[in-house]
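Below, each value reflects all heavy atoms present in this structure, side chains not excepted, and no hydrogens, waters or symmetry copies. Just so we're on the same page: letters track the sequence lines, and every chain starts at 1.
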Amino acid sequence: MLLTRLAQVSREVAATSARSRKTALLAELFRDADPDDVPVVIPYLAGRLPQGRLGIGWKVLGRRVPPADAPSLTVREVDERLTAIGAVSGTGSQAERARLTGELMGRATEEEQRFLVGLITGEVRQGALDAVAVEGLAQATGAPPTDVRRAVMLAGSLQTVAQALLAEGPAALEAFRLTVGRPVLPMLAHSASSVAEAVGRLAGCAVEEKLDGIRVQVHRDGGTVRLYTRTLDDITDRLPEVTSAALGLKGERFILDGEVIAFDTEGRPRSFQETAGRVGSRVDVATAARAVPVSPVFFDALSVDGRDLLDLPLTERHAELARLVPEPMRVRRTVVAGTADPAAAEGFLAETLERGHEGVVVKALDAPYSAGRRGAAWLKVKPVHTLDLVVLAAEWGHGRRTGKLSNLHLGARTADGSFAMLGKTFKGMTDELLTWQTGRLKELAVDTDGHVVTVRPELVVEIAYDGLQRSSRYPAGVTLRFARVVRYREDKRPEDADTVDTLLAAHPEALR
DNA sequence: TTCCGACAGTGGGGTCGCAAT
DNA sequence: ATTGCGACCCCACTATCGGAA
């Protein structure tokens with residue numbers, strides 16, 4: 001199959017907003033694909049590269065290469081070339097990757113170039129990723145969408161399922177079962193603004209502490225243990241102490257879900273930055289492990305002794321977890337009956353925060369483990385802080401925000417009356433607000449480099465955030481975590497904005 | 001007819017590791 | 001030795017479609 005066909009379909013998919021039409025377009029293409037092309041065509045149309053990382057980004061792709069006049073590239077040839085680019089390593093590799101990329105781009109037409117750049121950067125912007133591709137695949141093969149979706153969750157990969165499905169038909173889905181050693185997409189949580197709201201939405205729930213670490217899925221089969229992240233990357237080699245902990249449990253075969261986190265000598269959680277740095281260390285693991293040892297803390301059991309627990313209610317899965325894992329290695333929790341006063345749950349949240357944790361996750365007791373879904377059965381609740389800050393500058397947006405000033409530079413007052421930048425945010429704005437702020441900020445503009453528009457520091461904006469973290473990038477040495485706009489405060493003047501000092505005083509733990 | 005669940009899009013900061021400077 | 005870049009952790013929020021209520 002020619003790449004140009006994919007580029008055209010991608011353009012058509014992007015052009016329609018109807019999801020049903022997107023699905024139909026993808027299904028038609030999947031039906032036409034040669035079985036040998038399927039492992040490439042499916043991920044490409046889902047907006048992803050089968051190779052994963054290539055080591056090339058905007059720096060290289062930004063270089064203009066004259067496009068070919070006529071399409072000639074086949075998808076298989078593109079795949080081979082990209083595999084070759086990803087395999088380049090050693091001194092001079094960056095130049096070599098850039099050269100090979102330029103060569104490939106030179107063979108592509110303008111439309112194909114756009115498609116390839118989107119694929120490589122992960123920004124196809126066609127309004128259809130995995131979920132729509134799954135629907136299209138189901139439509140193309142006549143398999144029930146629910147079954148295809150489930151197979152993808154269990155395989156952890158759309159590509160694997162697509163290949164089997166197109167080769168053998170719907171019967172092939174049977175083979176995708178929960179298997180120890182093969183990671184499944186983890187279940188995710190929605191947000192709720194308070195414990196009372198979360199408890200009210202679920203009839204009978206467990207309230208569990210939410211640890212600010214790295215999600216981990218632990219597979220043990222006898223003496224073999226494998227550890228996977230949220231995106232199913234294998235991190236076994238980086239966390240030997242977690243492997244040891246899994247081998248110490250009284251079970252031979254299991255899959256557990258939990259969090260890895262570093263604790264200090266008093267048993268309080270260390271900062272997210274410390275835990276994440278440790279989990280990210282790959283080269284000198286022994287040294288990293290001595291400096292920042294981590295512990296697994298589990299909250300769910302997906303499989304025990306060959307028994308698949310995914311469809312069982314949380315209550316039963318947790319009973320299995322409790323049989324297998326001693327209490328100190330489990331997330332603390334309390335169970336709240338459907339009719340109970342939420343005060344008990346509120347108390348549990350307060351206690352959890354007191355212990356230095358991030359918040360709680362409220363989970364429906366009767367819900368199964370919905371792999372890969374962000375179901376309403378799990379609701380996270382974290383305290384939210386707010387500040388009044390001053391807009392120092394704004395950046396022009398991309399995609400659907402093209403032509404709008406989108407990303408705000410936020411400043412707090414300092415002792416000398418100037419403003420110190422604390423970070424940026426593009427979150428929380430409606431289209432209406434986006435339009436308004438573009439107009440208002442243009443009035444305040446004093447300078448621009450083409451992308452960043454500097455403004456007079458007069459506009460006050462209320463910002464919600466989750467906490468402070470250390471920063472080497474910003475002058476105050478700290479930055480806001482997950483900052484988002486709540487509303488503009490035109491009733492406030494810049495001199496009314498919050499100061500760096502009050503901010504630091506409000507978060508003493510961030511500077512420990 | 002209205003409501004709501006699921007998705008895609010729009011990017012944020014930090015850290016690590018590799019290659020280039 | 002330092003800097004730049006890509007990958008991958010953590011993530012909030014809004015708009016939209018289409019099925020459920």
Would you mind telling me which residue lines up with the more 5' stretch of DNA chain B, A:Arg278 or A:Ser93, judged by nearest nucleotide? A:Arg278
Mind checking if A:Val279 touches a base, just sugar-phosphate, or nothing, with heavy atoms under 4.0 Å? nothing
Give A:Leu480 one of three labels, base, sugar-phosphate or nothing, depending on what nucleic acid heavy atoms sit under 4.0 Å from its own. nothing
If you only use heavy atoms from C-beta on, which nucleotide in B:dT15, B:dA19, C:dC10 is closest to the side chain of A:Gln94? B:dA19
Which is more 5' along DNA chain B, the nucleotide nearest A:Gly90 or the one nearest A:Ala276? Just name the residue. A:Ala276
Side-chain donor/acceptor of A:Arg19 to base of C:dT16, under 3.5 Å: yes
In whole angstroms, how far is the C1' atom of C:dA7 from the CZ atom of A:Arg238? 10 Å
How is A:Tyr474 classified with respect to the nucleic acid when contacts are heavy atoms under 4.0 Å: base, sugar-phosphate, or nothing? sugar-phosphate
So what does A:Gln126 touch, heavy atoms closer than 4.0 Å: a base, only the sugar-phosphate, or nothing? sugar-phosphate
Among C:dA12, C:dA15, B:dC16, the one nearest A:Arg282 by side-chain distance: B:dC16
Any chance the side chains of A:Glu197 and A:Ser194 put a donor and an acceptor closer than 3.5 Å? no
Side-chain N or O of A:Arg484 less than 4.0 angstrom from OP1 or OP2 on C:dC13? yes
Presence of A:Ser17 side-chain N/O under 4.0 Å of C:dC17 phosphate oxygens OP1/OP2: yes
Contact class for A:Lys59 vs. all strands (heavy atom < 4.0 Å): base, sugar-phosphate, or nothing? sugar-phosphate
Looking at every non-hydrogen atom in both residues, tell me the closest pair between A:Ala420 and A:Pro475 and how far apart they are. CB-CG, 4.1 Å
Phosphate oxygens OP1/OP2 of B:dT10: is one of them under 4.0 Å from a side-chain N or O of A:Arg125? yes
Hey, is the side chain of A:Lys22 poking within less than 4.0 Å of OP1 or OP2 on B:dA8, counting only N and O atoms? no
Contact class for A:Asp212 (heavy atom, under 4.0 Å): base, sugar-phosphate, or nothing? nothing
Name the nucleic acid region contacted by A:Thr430, choosing base, sugar-phosphate or nothing; use a 4.0 angstrom heavy-atom cut-off, strictly under. sugar-phosphate
Under-4.0 Å salt bridge between A:Asp431 and A:Lys404: no
Which atom pair, heavy atoms only, marks the closest approach of A:Leu188 to A:Trp378? O-CB, 4.1 Å
For the side chain of A:Gln273, counting heavy atoms from C-beta on, which of B:dG14, C:dC10, C:dA7 is nearest? B:dG14
